[in-house]
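Remember, predicted model here, so these are calculated numbers, not experimental data. All ligand and atom numbering here is 1-based and tracks the order in the structure.
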Amino acid sequence: MVDWKNPPRLFIPGPVKVNDDVLQQLARPTLAHRGKEYAQLHGETTDMLKKIFFTDQNVFLSTSSASGIWEAAIRNCVGFDETVLAACCGAFSDKWATVAGNCGRNVEELKVDWGKPTLPEAIDKKLAAGKYAAITLMYNETSTGLTNPVYEISKMMKQKHPDVLVFVDSVSAMVALPLHFDELGWDVTFASVQKAFAIPPGLTVALVSSRALEKSKDVPGRGYYFDFQLFAKSAAKNQTPTTPNIPHIMALNYQCKKLLAEGMENVWQRHKKMGEFTRNWAKEKFALFCDEKYASNTLTAVKNTRGFNVAETINAIQEKHNTIFGNGYGKLKEQTFRIAHMGDITLDDLKELLGWLDDEIG
Ligand SMILES: *Cc1c(COP(=O)(O)O)cnc(C)c1O
């Protein structure tokens with residue numbers, strides 16, 4: 001029987017641990033979504049998000065998980081006669097390429113081995129050799145624990161391929177890793193809130209550039225639920241096109257206030273420290289799955305060099321300590337395991353978990 005009063009502590013790379021004070025925000029009274037109280041909540045929240053991501057462009061709140069915006073970016077900004085270049089470096093980037101294909105668009109993949117980064121030179125070469133309307137990129141590939149050099153890639157894109165739209169999945173990066181949206185010149189980026197925002201799942205924050213919005217006007221078949229034009233029209237009134245999950249937006253508002261009070265530099269630094277701590281443990285006891293240079297500060301994928309049974313160990317730690325960490329993703333199951341260190345997870349939480357792991361696998 002599940003003990004609902006004492007649910008497991010989460011160290012999986014999403015959903016992550018949610019603090020009680022954040023949970024309380026989801027219990028506040030519901031507002032009328034066309035009323036002035038909601039508009040105030042919406043406007044205040046998106047204004048804070050603009051500061052957090054250093055942007056003056058569009059911020060949309062989508063009542064969906066992040067996968068909805070995978071689809072939205074493609075359906076709003078890529079015509080049926082255009083081609084998307086999908087930079088693939090793991091399970092999530094692969095899935096985005098599949099989604100683009102499912103939306104009926106032409107997709108070409110630029111693949112690297114899992115654990116390897118997508119590098120600017122490879123993208124440049126591919127883009128120079130063909131005609132592409134957009135590129136899909138992963139900021140942080142959650143299946144391999146890898147952070148792509150997105151600042152370098154963006155610099156190259158601005159210099160050499162300024163007309164290609166840049167869509168970036170920042171799901172396991174947003175808030176925890178630097179993201180200067182306007183300076184980077186990105187067109188669409190997004191994250192669901194169950195990752196580094198440390199809120200229960202059910203809401204996604206999307207940033208959309210003015211030029212992406214402009215382009216979407218002429219793209220046919222955008223659908224309804226994720227139509228950027230409708231989002232923009234509503235956002236001008238501090239509303240969403242359909243009824244939003246207001247409890248989550250209250251929690252998001254609360255988390256944004258805390259992030260700004262802490263200061264983004266400090267937030268990034270806090271994640272860096274947790275990343276370094278976990279990597280040091282991983283290197284001493286095992287090995288990192290990806291090159292250390294590209295290892296993520298939001299989660300660590302550890303190579304299971306000792307061949308222990310990951311699933312059994314996860315069960316054992318849950319039995320004894322009511323705590324769950326992540327097995328490897330997809331084909332990396334058992335070969336790797338993953339520990340999240342993002343959002344409201346603390347260094348003390350990590351010390352406790354890694355201590356239990358040490359006890360379990362000696
Ligand atoms: C979790 C995750 C997703 C999927 O997000 P949902 O909110 O479940 O749709 C996509 N991309 C990355 C990198 C992720 O970590």
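A cation-pi arrangement, defined by a distance under 6.0 Å to the six-membered ring centre and an angle within 45 degrees of its axis, is present between K195 and F92.
Residue pairs satisfying the salt bridge (Lys or Arg N to Asp or Glu O under 4.0 Å) criterion with at least one member in residues 58-72, sequence neighbours excluded, are listed as follows: E71-R75.
Only one option out of T204, L203, I199 pairs with S192 in a side-chain contact (heavy atoms from CB on, under 4.5 Å); it is T204.
Heavy-atom neighbours of K155 NZ from other residues, nucleotides or ligands within 6.0 Å: at or below the threshold of 12.
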Tabulated below should be the N or O atoms of ligand 1 paired with protein N or O atoms at under 3.5 Å; can you produce that?
from     : atom 1 : to   : atom 2 : distance (Å)
ligand 1 : 7 (O)  : A66  : N      : 2.9
ligand 1 : 7 (O)  : S192 : OG     : 2.7
ligand 1 : 7 (O)  : Q194 : NE2    : 2.9
ligand 1 : 9 (O)  : S65  : OG     : 2.5
ligand 1 : 9 (O)  : A66  : N      : 3.2
ligand 1 : 9 (O)  : S67  : N      : 2.8
ligand 1 : 9 (O)  : S67  : OG     : 2.6
ligand 1 : 11 (N) : D169 : OD2    : 2.7
ligand 1 : 15 (O) : T142 : OG1    : 2.5
ligand 1 : 15 (O) : K195 : NZ     : 2.7

Please table the atom pairs, donor to acceptor, closer than 3.5 Å between any side-chain atom in residues 28-41 and protein atoms at least two apart or in another chain.
from : atom 1 : to   : atom 2 : distance (Å)
R28  : NH1    : Q25  : OE1    : 3.0
R34  : NH1    : Q239 : OE1    : 3.3
R34  : NH1    : T240 : O      : 2.8
R34  : NH2    : T240 : O      : 3.3
R34  : NH2    : P241 : O      : 3.0
Y38  : OH     : H42  : ND1    : 2.8

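Residues that satisfy the salt bridge (charged side-chain N to carboxylate O under 4.0 Å, His left out) test with K237, not counting sequence neighbours, are absent from this structure.
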